[in-house]
Amino acid sequence: MHDIKYIRENYDVFKKKISNRNNTTKIDDILNIDKKNRKLIQEKETLEKQKKDISKSKDEAMFQKSKEISLKIKELTEYQLKVKKELDSILSSVPNIPTEDVPVGSDEKDNKVIETIGDIESKNFKEKSHYELGEKLDMLDFDLATKTTGSRFVFVKDKLALMERALSNFMLDVHTLENGYNEISPPLLASETTMFGTGQLPKFENDQFEIKLDKNDGRKFLIPTAEVILTNIVKNQIVKLSDLPLRFVASTPCFRKEAGSYGKDTKGMIRQHQFYKVELVSIVENDQCLGELERMTKSATKILDRLKLPYRKIILCTGDMGFSAEKTYDIEVWLPSEKKYREISSCSSCGSFQARRMNSRYKNTNNENVFTGTLNGSGLAVGRTLIAVMENYQNKDGSITIPEALRPYMNNMDKILPIKS
RNA sequence: GGAGAGAUGGCUGAGUGGUUGAAAGCACCGGUCUUGAAAACCGGCAAAGGGGCAACUCUUUCCUGGGUUCGAAUCCCAGUCUCUCCGCCA
């Protein structure tokens with residue numbers, strides 16, 4: 001959510017910067033609506049002052065007049081609220097403004113590679129995809145998921161299930177013990193205001209799974225990422241300056257409808273309705289965001305370094321960034337079967353964009369309440385990391401060598417072999 | 001599912017119709033004292049929004065929305081949320 005004052009004073013700059021984003025909200029009327037809103041507020045307040053004066057004077061002769069004023073105020077207020085609502089609905093649907101160093105571009109083709117780490121090993125056999133490997137091992141079962149649930153779900157079985165769990169534990173250990181994050185095991189359902197806070201609502205409702213609790217309770221949604229629930233920890237709160245930065249990590253299932261991507265990545269477990277992800281969230285003073293983004297990205301890449309997986313870091317262009325982000329690095333891991341780098345983490349600074357939606361603030365050294373800075377990043381997507389390990393560590397016979405970093409988490413096994421039948 | 005209690009500033013917590021935006025305490029900020037710190041003492045300290053270059057000023061806000069009244073934190077109605085007890089349950 002943007003600060004209307006900023007927009008008022010910097011409209012041309014604002015408009016130009018928003019035009020670089022994939023923005024579908026019309027912003028042309030924004031200044032007029034704002035003006036109208038403020039004019040109505042003034043009129044209303046003038047009347048309110050009159051009424052207040054009468055009440056204070058206790059002059060019975062004026063009591064009738066006061067009643068009349070009340071009616072006028074009521075009318076004006078109704079109209080003003082309608083205008084305000086219109087203004088809010090526009091404001092809450094406009095994406096964040098990119099920072100200066102974000103490359104301008106329209107889609108993923110305009111993202112820029114920043115660095116490439118690790119050597120791509122050329123094997124003397126044709127590498128299989130993770131789903132071929134998994135099905136052959138009888139440890140990834142898509143058909144079974146179709147039977148019990150539907151498409152875009154998967155059963156992970158046996159040693160691969162163990163590996164999935166190991167990855168999650170390994171990542172959590174690195175982030176809590178080495179990177180200074182506090183582990184959280186959060187609710188997997190989020191309320192409507194929580195979803196609004198991080199920007200999933202109102203614009204992206206179609207991507208979310210809504211859950212009906214039997215009371216006529218408020219709306220609830222399955223979290224599409226732990227970012228939602230972790231960031232909202234500071235919702236409606238004035239955080240103590242001495243408590244910042246706050247750093248949280250959680251490993252949770254994530255649920256997405258992926259409405260926009262039917263037909264994309266239909267094979268395998270790249271794009272599922274449900275997947276595990278280890279998520280990092282930082283709440284910082286608002287001038288610390290960009291430094292924290294570097295720190296967070298390093299925390300995420302450290303996992304890939306330890307697993308010895310080849311990856312590259314890219315900066316997303318203005319058109320490809322998420323709604324709430326002001327700057328985003330994607331980390332892409334090498335997948336031999338596709339001969340491509342695929343996204344395995346996305347680390348974003350949101351500046352005070354989410355904090356304004358959540359009303360999350362801290363008192364700065366001048367004792368003023370200011371909005372916090374929020375950041376989120378995957379550290380890492382567990383399902384995709386599993387895929388990356390399988391494909392990069394596969395052997396000719398279809399077995400999978402276990403990365404050394406994971407062995408302590410997998411009973412010191414060094415290889416996954418087909419289940420004996 | 002049944003019964004009850006509650007929602008007031010960063011926090012704790014007074015306050016049942018007329019300058020109460022709201023006592024008190026804690027926290028925080030400034031000062032006195034001190035070599036320094038602590039303690040003690042003095043002073044300050046809610047937010048959001050509107051107008052103004054500014055000093056400043058106005059409006060709103062005691063969970064939300066209605067209602068009564070010239071006037072509501074305070075009275076009435078509806079709702080939301082939280083907590084406790086019982087039942088059910090991993």
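Small disclaimer: the values here were computed from a predicted structure and weren't measured. No hydrogens, no waters, no symmetry mates; every other heavy atom, side chains included, goes into these values. Below, chains carry the letters A, B, ... as their sequence lines are ordered, and counting in each starts from 1.
Taking atom C1' in both B:G25 and B:G4, the straight-line distance is 30 Å, to the nearest Å. B:U12 and B:G6 are spaced 15 Å apart, taking the C1' atom of each and rounding to whole Å. Going from the P atom of B:A3 to that of B:G15 covers 29 Å, rounded to whole Å. Comparing the P positions of B:U60 and B:A27 gives an interatomic distance of 34 Å, to the nearest angstrom. One C1' atom belongs to B:C41, the other to B:A22, and the distance between them is 27 Å to the nearest Å.
The side chain of A:Arg8 places no N or O atom within less than 4.0 Å of a non-bridging phosphate oxygen (OP1 or OP2) of B:G49. A:Lys52 has a side-chain polar atom (N or O) that falls below the 4.0 Å cut-off from OP1 or OP2 of B:U60. For B:A48, the OP1/OP2 oxygens have no side-chain nitrogen or oxygen of A:Lys5 closer than 4.0 Å. Close to B:A48, at under 4.0 Å from its OP1 or OP2, lies a side-chain N or O of A:Arg361. Put simply, A:Arg38 has a side-chain N or O that comes within less than 4.0 Å of OP1 or OP2 on B:G51.
When the P atom of B:A48 is taken as reference, atom CG of A:Asp3 falls 11 Å away, rounded to whole Å. Straight-line distance from the NZ atom of A:Lys56 to the C1' atom of B:U69: 18 Å, rounded to whole Å. Between the CG atom of A:Asn236 and the P atom of B:G10 there is a distance of 12 Å, rounded to whole Å. A:Asn37 has its CG atom 14 Å from the C1' atom of B:G51, to the nearest Å. Put simply, NZ on A:Lys235 is 12 Å from P on B:C81, counting in whole angstrom units. Regarding A:Asn359, its CG atom lies at a distance of 14 Å from the P atom of B:U64, rounded to whole Å. One can place CD of A:Glu368 at 14 Å from C1' of B:C45, the figure rounded to the nearest angstrom.
Side chains of A:Ser19 and A:Asn23: a donor-acceptor N/O pair is absent below 3.5 angstrom, by distance only. Side chains of A:Asn179 and A:Lys302: a donor on one and an acceptor on the other come within 3.5 Å.
Taking the nucleotide of RNA chain B with the nearest heavy atom to each of A:Lys58 and A:Phe63, the more 5' of the two is matched to A:Lys58. Toward the 5′ end of RNA chain B lies the nearest nucleotide of A:Asn369, the other residue of the pair A:Asn369 and A:Lys44 mapping further downstream.
Remark: A:Arg357 qualifies as a cation-pi partner of A:Phe196 under the 6.0 Å distance and 45° angle criteria applied to the six-membered ring.
Put simply, CD on A:Glu404 and CG on A:Leu406 are 10.5 Å apart, with the number rounded to the nearest 0.5 Å. Atom-to-atom distance recorded for A:Asp158:CG and A:Met139:CE is 4.5 Å, nearest 0.5 angstrom.
Note on A:Arg356: nothing from the nucleic acid sits closer than 4.0 angstrom, heavy atoms only. Contacts of A:Lys39 with the nucleic acid, taken as non-hydrogen atoms under 4.0 Å apart, are absent. Across all strands, A:Lys51 comes closer than 4.0 Å only to sugar-phosphate atoms, never to a base (heavy-atom distances). A:Lys67 comes within 4.0 angstrom of sugar-phosphate atoms only, judged by non-hydrogen atoms across all strands, and of no base.
Pairing of B:A5, defined by two Watson-Crick or G-U wobble distances under 3.5 Å, is identified with B:U82.
Residue A:Glu45 places a side-chain atom within donor-acceptor reach of the base of B:G49, judged by atom type and a 3.5 Å distance cut-off alone.
A side chain to side chain contact (heavy atoms under 4.5 Å, CB included) with A:Met321 holds for exactly one of A:Val102, A:Ile315, A:Asn20, A:Asp330; it is A:Val102.
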